[in-house]
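One structure is given below, encoded as structure tokens.
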Amino acid sequence: MKTLAALIMMIGCTVSIAGTVSERCDTFSLTDEVSSPLTIEEIEKQAAADLLSWQQQGLNTPNVLFGYMNSHWLTLKSMFRPGDEIVKYSTDKLSWQSRRGQRGFALIRSGCVINRLVTAQS
């Protein structure tokens, strides 16, 4: 399972939502799992622990937070403004069963998802 997580970290991506917040408001479905808001520090602390774990397992991962997805994390983080929130999310079980599941982190501004760091998808 940890090998799978490392592979996901190598191929993950950010997804910017098309249009401005006033034109389009992307949200989560009622069946998606969404965490309470997380701080950048909390997210980076967990990412550092994950990186150390992968390195101890001998996985070849760049020595930066989120491994090969580091530039995507930096992009999401650079978009963060006062009043924004970052949450961890996972789409509902049906989406995973039908191979359209996704999980990661989402940047929320004024109740709308404006960017995502996708860490796993089916």
Side-chain angles (χ1 to χ4, degrees):
M1 185 64 167
K2 292 194 181 209
T3 302
L4 176 61
L7 290 173
I8 292 166
M9 295 301 280
M10 291 181 213
I11 61 172
C13 62
T14 53
V15 179
S16 294
I17 307 303
T20 65
V21 172
S22 62
E23 295 170 350
R24 177 179 174 172
C25 183
D26 188 37
T27 59
F28 295 105
S29 81
L30 295 175
T31 57
D32 291 342
E33 296 176 24
V34 181
S35 74
S36 300
L38 302 165
T39 66
I40 289 172
E41 293 78 18
E42 289 171 319
I43 296 166
E44 290 184 338
K45 182 178 178 181
Q46 182 60 55
D50 292 343
L51 178 63
L52 179 60
S53 174
W54 298 329
Q55 290 172 338
Q56 289 172 341
Q57 294 176 50
L59 298 173
N60 186 16
T61 304
N63 194 28
V64 291
L65 297 178
F66 289 99
Y68 289 100
M69 294 186 330
N70 180 263
S71 65
H72 301 293
W73 168 245
L74 295 176
T75 297
L76 185 139
K77 192 167 79 163
S78 73
M79 295 174 72
F80 189 86
R81 302 288 178 262
D84 289 353
E85 297 178 336
I86 300 177
V87 297
K88 190 172 188 176
Y89 73 93
S90 180
T91 56
D92 62 46
K93 290 180 182 180
L94 181 59
S95 69
W96 286 96
Q97 293 168 349
S98 59
R99 297 195 175 164
R100 53 183 177 77
Q102 188 180 85
R103 83 172 139 253
F105 296 93
L107 176 62
I108 300 175
R109 181 173 297 150
S110 301
C112 299
V113 176
I114 63 165
N115 199 334
R116 298 175 192 239
L117 172 63
V118 179
T119 58
Q121 59 186 15
S122 63

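As the structure is a prediction and not an experimental result, all values here were calculated from the model.
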Show your reasoning for whether side-chain contact (heavy atoms from CB on, under 4.5 Å) applies to Val118 and Tyr89. CA-CA 9 Å; Val118 179; Tyr89 73 93; 3.8 Å; yes
Give the C-alpha distance, both sets of side-chain angles, the deciding distance and a yes or no for side-chain contact (heavy atoms from CB on, under 4.5 Å) between Asp92 and Phe28. CA-CA 10 Å; Asp92 62 46; Phe28 295 105; over 6 Å; no
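Annotation: the span from Leu38 atom CG to Lys88 atom NZ amounts to 8.0 Å, rounded to 0.5 Å. We find the CG-CD1 distance between Asn115 and Ile108 to be 11.5 Å, quoted to the nearest 0.5 Å. Expressed to the nearest 0.5 Å, how far CZ of Arg109 lies from CD of Glu85 amounts to 12.0 Å. Note that CG of Asp26 is 8.0 Å distant from SG of Cys112, once rounded to the nearest 0.5 Å. In this structure, CZ on Arg103 lies 10.0 Å from OG on Ser95, to the nearest 0.5 angstrom.
When all heavy atoms of Thr27 and Arg116 are compared, the pair lying nearest together is O-NH2, 4.2 Å. Between Gly111 and Cys25, the shortest heavy-atom contact is O-SG, 4.0 Å. Between Leu107 and Phe80, the shortest heavy-atom distance links the atoms CD1-CD1, 3.6 Å. Closest heavy-atom contact between Val113 and Ala106: CG1-CB, 4.0 Å. The heavy-atom pair separating Leu117 from Leu76 by the smallest distance is N-CD1, 3.7 Å. Closest non-hydrogen pair, Ala47 versus Phe66, comes out as CB-CE1, 3.7 Å.
Side-chain atoms of Thr61 do not come within 3.5 Å of backbone N or O of Gly67 as any donor-acceptor pair.
Ile43 and Leu74 end up in the same hydrophobic cluster when Ile, Leu, Val, Met, Phe, Trp and Tyr side chains are linked at under 4.5 Å. In the hydrophobic cluster analysis, where Ile, Leu, Val, Met, Phe, Trp and Tyr join through side-chain heavy atoms closer than 4.5 angstrom, Met79 is grouped together with Met69. Note: the hydrophobic cluster containing Ile114 also contains Ile40 (ILVMFWY, side chain heavy atoms under 4.5 Å, direct or indirect links).
There is no side-chain donor-acceptor pair under 3.5 Å between Ser53 and Asp50.
Taking 4.5 Å as the limit, every side-chain heavy atom of Arg100 sits out of range of all side-chain heavy atoms of Thr91.
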